[in-house]
Novice: 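Take this structure first; my questions come after.
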There are 2 protein chains.
Amino acid sequence: MTGQVPSSSSPGAAQRQRARLLRPLGAPKSLSSEVVDRLAEQIMSGKLPVGAKLPSEQEMMKGMGVSRTVVREAVAALRARGLVVTRQGAGAFVDSDAGRQPYAIDPEGLGSLASVLDILELRMAVEAEAAAIASERATAAHVKAIGEAHRVFSRAIASGEGAINEDFAFHQAIAAATQNRRFAEFLDFLGRLIIPRQSIRSFEGTAEGPRQYLARIAKEHEAIFQAISARSPKRARDAMRGHLVKSRERYRELASRSA
Amino acid sequence: MTGQVPSSSSPGAAQRQRARLLRPLGAPKSLSSEVVDRLAEQIMSGKLPVGAKLPSEQEMMKGMGVSRTVVREAVAALRARGLVVTRQGAGAFVDSDAGRQPYAIDPEGLGSLASVLDILELRMAVEAEAAAIASERATAAHVKAIGEAHRVFSRAIASGEGAINEDFAFHQAIAAATQNRRFAEFLDFLGRLIIPRQSIRSFEGTAEGPRQYLARIAKEHEAIFQAISARSPKRARDAMRGHLVKSRERYRELASRSA
DNA sequence: CTTGTCCGGTCATCATACAACTTTTAGCAT
DNA sequence: ATGCTAAAAGTTGTATGATGACCGGACAAG
């Protein structure tokens, strides 16, 4: 590693080099997190099977050469992650459902376009079925709520807003209409990941104006709403799928243009 | 030289003693978890917005009448849950993506039949689309792997086994063929939740024997595999949906009979 | 405006002590 | 021997004090 920059040819190279130098340097790992990593690895890999007793705090202290504070904070972190349970006077044990960890998506990995498209694809799967189920199971109140959300969205775009939240609220109303809380919760989970990525609906350079762009979305929403009102699972599913396929393409274009 | 007086060494001690006497015996909560709950509630509700600084350890100690050990373990737990980040010398702050919590399903709530059916419904949504995508995107190697998984399953049931794992492996192979890691990961997540529920494939009282029961599943798998091999998204989606709808009905019967 | 220094606030770690609880063991009565 | 009880040992939970490392701002010098 010489560190000498070998004749940067392109104009922006120096700036990028600077950015590389100035980047916040790697996290100086705390002792606690090191202990957490080690124990978590042992548990995940199964070397510490479910129900097994972890070494006592004293043993860990001596074995790893750290203070009790460090050990205890590490165990507290493992407990928070649902990997271990502690019983005062008895010890710390691998949690019976340590294998059932929540489904997590690291927001750091969402930088790449492909990663976002993958998530949109998963969302498509869930929402298409949600629309179908909603069309079968929605009460009159649910249908009314969906229609209301649709109207709010339409009104928002008419007044020139981006209407990101109103858009998502329409989808949430459909998920709620399934009367299956998992759909609503999972859509909420995905929304919190994806929505920040499209928070600026940039229309610069598009052939058509924002109005037409958003009007098409509203049109697609309308079709979905009609299908659900008509209690037609097939049409609802197809309408939702079509809507999200187009949304995916719209996002793909948007991202490629800003790159 | 700590307090030789055992009675009231700290200000909050007497109060905690009283609470200990009055609390119902069923809820032995540790002080750390109480602090965690308090802080987590503040963060989730937005009273502590993203980026806000938490009170210092000293302030929390005085404010809640607990020791630094308790406060630090509580903060360690919040950090493990991704709710806060700590910077040495600066303080503890609400994490920028505290709102993007992982998608979790409490295994405790899975006791009721309806709850399990809800999850099966979500799985259906994901797997139906996964089958369709797999039929479009699977490489030759993927198709081969799916076929192999299908054969392993068929062979297992032929030798009289329950073949739970082989069954799931077939589904996993399809999810892997989407080349979208989210599908594989999410299916894995759902599988770890519901598989333990059906680990005993009880056939007592059923009209037909285990062989016929499992043979029908194999038949459905066969149809799915054929559709994917034929690169037909529509057929793959319908076959998978049909398979899971029937699986859901099978589970419903099974549960109602054992009840 | 930049640089260097200082200083109070804060988290990270170590060490010790005691309290509360569990498990094991020793002892005792039967 | 067997079963119960009480002591003992081991373990986690909480409290307290001390020290080091790091951050942020204040301040003066160049």
Novice: Which of these passes side chain to side chain contact (heavy atoms under 4.5 Å, CB included) with A:Leu83: A:Leu39, A:Val36, A:Asp97, A:Leu78?
Specialist: A:Leu78
Novice: Relative to the ring of B:Tyr103, is the ring of A:Phe186 parallel (under 30°), tilted (30 to 60°) or perpendicular (over 60°)?
Specialist: perpendicular
Novice: Please tell me which of the listed nucleotides, D:dT12, C:dT22, D:dT14, lies nearest to the side chain of A:Arg87?
Specialist: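 Among D:dT12, C:dT22, D:dT14, the one nearest the side chain of A:Arg87 is C:dT22.
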Novice: Give the rounded distance in Å between these two atoms: CD of A:Glu57 and P of D:dT11.
Specialist: 10 Å
Novice: Less than 3.5 Å apart, any donor N or O on the side chain of B:Arg72 or A:Thr69 sitting next to an acceptor on the other?
Specialist: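 There is no such pair (donor and acceptor under 3.5 Å, judged by atom type) between the side chains of B:Arg72 and A:Thr69.
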Novice: Tell me which one of B:Glu59, B:Glu57, B:Gln58 satisfies side chain to side chain contact (heavy atoms under 4.5 Å, CB included) with B:Pro55.
Specialist: B:Glu59
Novice: Between A:Leu120 and A:Met124, is there a side-chain heavy-atom distance shorter than 4.5 Å?
Specialist: no
Novice: Do A:Phe93 and A:Leu54 come close enough that some side-chain heavy atom pair is under 4.5 Å?
Specialist: no
Novice: Report the residue (A:Ala90 or B:Pro55) whose heavy-atom-nearest nucleotide on DNA chain C is the more 5′ of the two.
Specialist: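 Comparing both residues, the 5'-ward one is B:Pro55.
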Novice: Return the value, rounded to whole Å, for the distance between atom CD of A:Gln88 and atom P of C:dC18.
Specialist: 17 Å
Novice: Any side-chain N or O of A:Ser67 under 4.0 Å from OP1/OP2 of C:dA12?
Specialist: no
Novice: Let me know the distance between CE of B:Met61 and C1' of C:dC11, rounded to the nearest Å.
Specialist: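 One finds 13 Å between C1' of C:dC11 and CE of B:Met61, rounded.
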Novice: Taking 4.0 angstrom as the limit, do A:Glu253 and A:Arg250 come out as a salt bridge?
Specialist: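 A salt bridge is absent here (no side-chain N lies under 4.0 Å from a carboxylate O).
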Novice: Rounded to the nearest Å, what distance is computed from the CG atom of residue B:Leu54 to the P atom of nucleotide C:dC11?
Specialist: 9 Å
Novice: Strictly below 4.0 Å, heavy-atom distances to any atom of DNA chain C: list the hits from residues 69-81 of chain B, or just say none.
Specialist: B:Arg72, B:Arg79
Novice: Rounded to whole Å, how long is the line connecting atom NZ of A:Lys62 with atom P of D:dG10?
Specialist: 10 Å
Novice: Rounding to a whole Å, what distance do you find between B:Leu31:CG and C:dA20:C1'?
Specialist: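 It works out to 12 Å between those atoms.
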Novice: Given atom CZ of A:Phe93 and atom P of C:dT22, what is their separation to the nearest angstrom?
Specialist: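 Between P of C:dT22 and CZ of A:Phe93: 11 Å.
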Novice: Among the nucleotides C:dC21, D:dG17, C:dC11, which one has an atom lying closest to any side-chain atom of B:Arg68?
Specialist: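 Of the options given, the side chain of B:Arg68 lies nearest D:dG17.
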Novice: Would you say that A:Ile217 contacts A:Phe153 through its side chain, given a criterion of any heavy-atom pair below 4.5 Å between the two side chains?
Specialist: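 SC-SC contact between A:Ile217 and A:Phe153 confirmed.
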Novice: What is the separation between atom NZ on B:Lys53 and atom P on D:dC23, rounded to the nearest whole Å?
Specialist: 15 Å
Novice: Using five pairs at each end of the helix from C:dC1-D:dG30 to C:dT30-D:dA1 to define an axis, what is the angle between those two axes, to 10°?
Specialist: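 Helix axis angle between the two ends: 10°.
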Novice: Is the shortest heavy-atom distance from the side chain of B:Arg123 to the side chain of B:His171 under 4.5 Å?
Specialist: yes
